[in-house]
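Before any comments, here is the structure.
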Amino acid sequence: MAKNFSMYGLPEEVIFCTKCVMSNQRPQSVVEFKNSNNQKSGLNIDKNSCVCDACNYNETKKKINWEKRERELIELLEKYRKSSGYDCVVPGSGGKDSAFTAHVLKYKYGMNPLTVTWAPHMYTDIGWQNFDNWIKVGGFDNILFSPNGKVHRLLTKLAFKNLLHPFQPFIIGQKIIGPLIALKFNIPLIFYGENQAEYGNAVEENANPQMDSKFFSQKNNSEIILGGEKLSNILNKFNFKLNDFEPYIAPKINDLMEKKIEQRYLGYYLKWDPQECYYYAAKNTGFRPNTERTEGSYSKYSSIDDKIDPFHYFLTHIKFGLGRASYDAAQEIRNEKITRDEGINLVKKYDSEFPNKYFREFLEYIDINEKDFFSTLDSFRSPHLWKKDKDEWKLLQKIY
Ligand SMILES: [Zn+2]
């Protein structure tokens with residue numbers, strides 16, 4: 001049987017993990033599911049024994065000697081702790097994970113972190129309250145960096161139009177802000193929270209406590225791509241100067257190396273459990289969950305600070321068949337908060353829900369009309385995932 005072709009190099013055959021609800025369509029990850037006997041998946045793969053990398057990593061996590069890892073952390077911190085001035089940078093929003101990271105580093109391990117925040121596109125009320133509490137109740141110094149709104153909105157629009165990924169400029173900024181501040185203030189250590197291996201990036205990423213430095217590889221400014229377009233093209237097409245894009249141009253790896261700036265993540269040293277981070281942040285930094293569940297999911301406490309967040313996940317549902325409930329449920333199944341069957345039901349109920357609440361604001365923010373929004377969205381539906389039935393788009397492969 002001829003298969004429908006897939007866009008953006010996604011695997012043509014959709015395979016779901018048998019332990020959680022993730023599929024092999026999740027990008028930026030090791031999408032080769034492994035058989036239970038750890039054979040890399042081949043053509044005649046037994047779908048009934050596929051396990052995703054995040055679930056495999058979860059098993060690895062159980063075998064890690066966490067006491068030994070904590071001793072490694074204490075040794076590392078001994079090396080950097082200062083009695084005056086900042087000794088580490090903690091980038092974050094004041095959400096549960098960064099709130100936890102900054103708080104244990106300062107109040108359990110006696111460090112003096114400078115927290116830095118790359119502002120969301122549009123703060124939600126609860127997001128702003130949690131950020132404010134992080135600083136005032138949690139007790140931290142913080143630099144809130146807000147990029148030039150005209151530039152940021154343009155890049156967000158381009159990223160939506162070119163990649164159906166309006167969150168991309170935020171993600172880039174968020175990656176850059178820590179190293180940028182560390183360089184400016186001469187702070188030699190940057191601490192992040194959990195590692196992406198928790199969510200399905202290469203397991204190997206967690207065998208090393210240092211952050212991947214590929215992102216900071218040397219590039220000429222003319223080769224930099226933002227929002228799916230070359231920076232040189234953006235400068236030709238729009239009325240901006242190179243200087244305007246300063247916050248999106250990553251510091252060079254050589255500069256980081258010269259100043260001996262280390263990037264670490266706490267998830268290597270301490271066993272990461274998002275729900276435990278939530279309880280910790282609620283107790284120590286005044287973190288509050290939302291009063292209502294997030295659109296597209298059932299959860300109330302993760303990624304709630306940006307009005308664009310629900311669109312990010314809704315659009316991953318369009319591109320990869322994986323919406324927010326899929327990501328939330330996969331994580332909670334792994335951490336044994338819910339069963340796989342419960343997870344499947346939640347995905348069925350919420351994954352494809354359209355984020356209505358901030359729709360008008362989102363359209364206004366990226367300056368496009370509703371018609372444009374939906375036609376762009378439809379042009380990103382890969383034929384191996386979606387089929388139009390009369391007037392309705394149907395997802396071909398579902399876990400339920
Ligand atoms: Zn899995």
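Atom set for the values below is all heavy atoms of this structure, side chains included, hydrogens, waters and symmetry mates excluded. All values derive from a computational prediction rather than experimental measurement.
- Closest approach of Val89 to Pro91, counting heavy atoms only: O-CD, 3.6 Å.
- The two residues Lys106 and Pro113 come nearest to each other via the heavy atoms CB-CD, 3.7 Å.
- Residues meeting the salt bridge (Lys or Arg N to Asp or Glu O under 4.0 Å) test with Glu361, sequence neighbours left out: Lys307.
- In terms of the side-chain contact (heavy atoms from CB on, under 4.5 Å) criterion, residue partners of Ser352 (sequence neighbours excluded) are, by chain and number, His317.
- Using modelled atom types, one finds a donor on one side chain and an acceptor on the other under 3.5 Å when comparing Gln275 with Tyr279.
- Side-chain contact between Val151 and Tyr248 is present, with heavy atoms from C-beta onward closer than 4.5 Å.
- Contact between Arg69 and Tyr268 at its shortest, heavy atoms only, is NH1-O, 2.8 Å.
- Formation of a donor-acceptor pair under 3.5 Å by the Ser382 side chain with backbone atoms of Leu385 is not found in this model.
- Remark: the backbone N or O of Leu114 is not paired with any side-chain donor or acceptor of Asn142 at under 3.5 angstrom.
- You'll find the side chain of Phe16 stays beyond 4.5 Å of the side chain of Met22, heavy atoms only.
- Between the side chains of Asp351 and Ser326, at least one donor N or O sits under 3.5 Å from an acceptor N or O.
- With contacts defined as side-chain heavy-atom distances shorter than 4.5 Å, the pair Lys300/Glu292 does not qualify.
- Side-chain contact between Ile224 and Lys230 is absent, with no heavy-atom pair separated by less than 4.5 Å.
- The aromatic rings of Phe354 and Phe359 sit perpendicular, their planes meeting at an angle over 60°, well past the 30° parallel limit.
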| said: As a quick check of understanding, evaluate salt bridge (charged side-chain N to carboxylate O under 4.0 Å, His left out) for Lys108 and Glu70, giving each step before the final call. | reply: CA-CA 12 Å; Lys108 183 169 180 194; Glu70 193 189 10; 3.6 Å; yes
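- Between the Asn284 side chain and the Tyr280 main chain, a donor and an acceptor come within less than 3.5 Å of each other.
- Partners of Glu295 according to the salt bridge (Lys or Arg N to Asp or Glu O under 4.0 Å) rule, which considers only residues two or more places apart in sequence or in another chain, do not exist here.
- Tyr192 and Pro179 make their closest contact through OH-CD, 3.6 Å (heavy atoms, listed as atom of the first residue, atom of the second, distance).
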| request: Might you work through the salt bridge (charged side-chain N to carboxylate O under 4.0 Å, His left out) test for Lys161 and Asp372, ending with a clear yes or no? | output: CA-CA 9 Å; Lys161 290 281 234 178; Asp372 243 12; 3.2 Å; yes
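- With Val21 as the fixed residue, the side chain to side chain contact (heavy atoms under 4.5 Å, CB included) test singles out one of Leu346, Asp328, Leu322, Ile333: Ile333.
- The aromatic rings of His312 and Phe167 sit parallel, their planes meeting at an angle under 30°, below the 60° perpendicular limit.
- The side-chain heavy atoms of Leu73 and Leu266, taken from C-beta on, include a pair separated by under 4.5 Å.
- Ring geometry, His103 versus Phe140: the interplanar angle exceeds 60°, so the pair is classed perpendicular (tilted spans 30 to 60°).
- By the 4.0 Å N-to-carboxylate-O rule, Glu370 lies close enough to Arg360 to be salt-bridged with it.
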| query | Passes salt bridge (charged side-chain N to carboxylate O under 4.0 Å, His left out), Glu353 versus Lys348? Steps please. | reply | CA-CA 10 Å; Glu353 183 182 36; Lys348 192 171 169 180; over 6 Å; no
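- Proximity of a side-chain donor or acceptor of Asn162 to a complementary backbone N or O of Gly227 within less than 3.5 Å is detected.
- Taking Glu67 as the reference, Asn65, Arg71 meet the side-chain contact (heavy atoms from CB on, under 4.5 Å) condition, with sequence neighbours excluded.
- The backbone N or O of Ile304 sits less than 3.5 Å from a side-chain atom of Thr124, completing a donor-acceptor pair.
- With hydrogens and angles ignored, the 3.5 Å screen pairs a side-chain donor or acceptor of Asp244 with a backbone N or O of Lys241.
- A distance of 8.5 Å separates CG of Asn130 from OG of Ser93, quoted to the nearest 0.5 Å.
- Checked by atom type and distance alone, the side chain of Trp66 pairs as donor or acceptor with a backbone atom of Lys61 at under 3.5 Å.
- Side-chain atoms of Lys388 do not come within 3.5 Å of backbone N or O of Glu392 as any donor-acceptor pair.
- Each of His384, Gln397, Lys319 was scored for a side-chain hydrogen bond (donor to acceptor under 3.5 Å, both in side chains) with Gln25, with one residue passing: His384.
- With salt bridges taken as basic N to acidic carboxylate O contacts below 4.0 Å, one links Arg264 and Glu262.
- When each of Arg293, Arg324, Glu332 is checked for a side-chain hydrogen bond (donor to acceptor under 3.5 Å, both in side chains) with Tyr298, only Glu332 meets the rule.
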| task | Would you please test Lys252 and Glu258 for salt bridge (charged side-chain N to carboxylate O under 4.0 Å, His left out) and show each step? | result | CA-CA 10 Å; Lys252 306 290 182 241; Glu258 203 177 293; over 6 Å; no
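- In this pair, Tyr8 and Phe380 present their aromatic rings parallel. The plane angle is below 30°, not in the 30 to 60° band.
- The shortest non-hydrogen separation linking Val347 to Ala329 is CG2-CB, 4.4 Å.
- Legend: residues meeting salt bridge (Lys or Arg N to Asp or Glu O under 4.0 Å) with Asp141, ordered by chain and number and at least two apart, are absent.
- Of the possible donor and acceptor atoms, none in the side chain of Asn290 sits under 3.5 Å from a partner among the backbone N and O of Tyr301.
- Looking only at atom types and distance, the side chain of Asn335 has no donor-acceptor partner in the side chain of Trp272 under 3.5 Å away.
- Between Leu396 and Pro383, the shortest heavy-atom contact is CD1-O, 3.6 Å.
- For the pair Arg153 and Tyr365, the cation-pi test (distance below 6.0 Å, angle within 45°) is passed.
- Here Asp309 contributes atom CG and Phe170 contributes atom CZ; the two are 7.5 Å apart, rounded to the nearest 0.5 Å.
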| request: Please step through ring-ring contact (aromatic ring centres under 6.0 Å, His included) for the pair Tyr313 and Tyr327, ending with a clear verdict. | output: CA-CA 9 Å; Tyr313 288 101; Tyr327 289 93; 5.7 Å; yes
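- Residues Gln129 and Asp125 have side chains that never bring a donor and an acceptor to within less than 3.5 angstrom of each other.
- Taking the charged nitrogens against the carboxylate oxygens, Asp87 and Arg81 have no contact shorter than 4.0 Å, which rules out a salt bridge.
- Side-chain contact between Arg381 and Leu377: present, with at least one pair of heavy atoms (C-beta onward) separated by less than 4.5 Å.
- The distance from atom CZ of Phe160 to atom CG of Leu363, rounded to the nearest 0.5 Å, is 8.0 Å.
- Aromatic ring orientation, Trp393 versus Trp386: perpendicular (interplanar angle above 60°, classes split at 30° and 60°).
- Listed by chain and number, the residues in a side-chain contact (heavy atoms from CB on, under 4.5 Å) with Asn133 are Val137 (sequence neighbours excluded).
- With Thr117 contributing its side chain and Ala119 its backbone, the two residues share no donor-acceptor pair below 3.5 Å.
- The cationic atom of Arg26 (NZ for Lys, CZ for Arg) does not lie both less than 6.0 Å from the six-membered ring centre of Phe320 and within 45° of the ring axis.
- The side-chain heavy atoms of Leu235 and Phe245, taken from C-beta on, include a pair separated by under 4.5 Å.
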